[in-house]
Amino acid sequence: HWLPLCLANYLASRDFFTRVTHGFKDVFRIAWLKMNATNWLSPERPGLLGMSSDADGKFFGPQMLHFWPADDELGSGEHGRPLPIYIHQKKKPG
């Protein structure tokens, strides 16, 4: 999958594509589709994380928590649940 990865990097580094797409997830998907590369989408939906500050009531979040499916190559988490593998912090543009 080196070629679609290179294309995604190229698209993400061009001003036009940064203006008309919604970030890396879009250029990644466009590159994989254009190169007819195989891909895999987890059947587990991401979870949402966040926390609030007791001192001033501000909310920090949301972040997405991605999971690896239970009973797959990596095994299962606690109580047979999917394994949390990655936290994606959404950043504000600008």
Heavy-atom pair with the smallest gap, counting every atom of Phe17 and Val27: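 Heavy atoms only, the tightest pair is CB-CG1, 4.5 Å.
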Nearest non-hydrogen partners of Phe28 and Ala8, listed with the distance: CA-CB, 4.0 Å
Between [atom1] of [X] and [atom2] of [Y], what distance do you get to the nearest 0.5 Å?
X	Y	atom1	atom2	result
Leu7	Trp2	CG	CH2	12.5 Å
Arg29	Thr21	CZ	OG1	12.0 Å
Leu5	Met35	CG	CE	11.0 Å
Asn9	Arg14	CG	CZ	8.5 Å
Glu44	Leu65	CD	CG	11.0 Å

Hydrophobic cluster identity match, Ile30 and Leu3, side-chain contacts under 4.5 Å: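 Yes: a chain of side-chain contacts under 4.5 Å links Ile30 to Leu3.
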Trp68 and Pro82, any side-chain heavy atoms less than 4.5 Å apart: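 No - every pair of side-chain heavy atoms lies 4.5 Å or more apart.
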Heavy-atom side-chain contact between Leu48 and Met64 under 4.5 Å: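 When only atoms from C-beta onward are counted, Met64 and Leu48 do touch, with a gap below 4.5 Å.
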Main-chain N/O of Pro4 paired to Trp32 side chain as donor or acceptor, under 3.5 Å: no
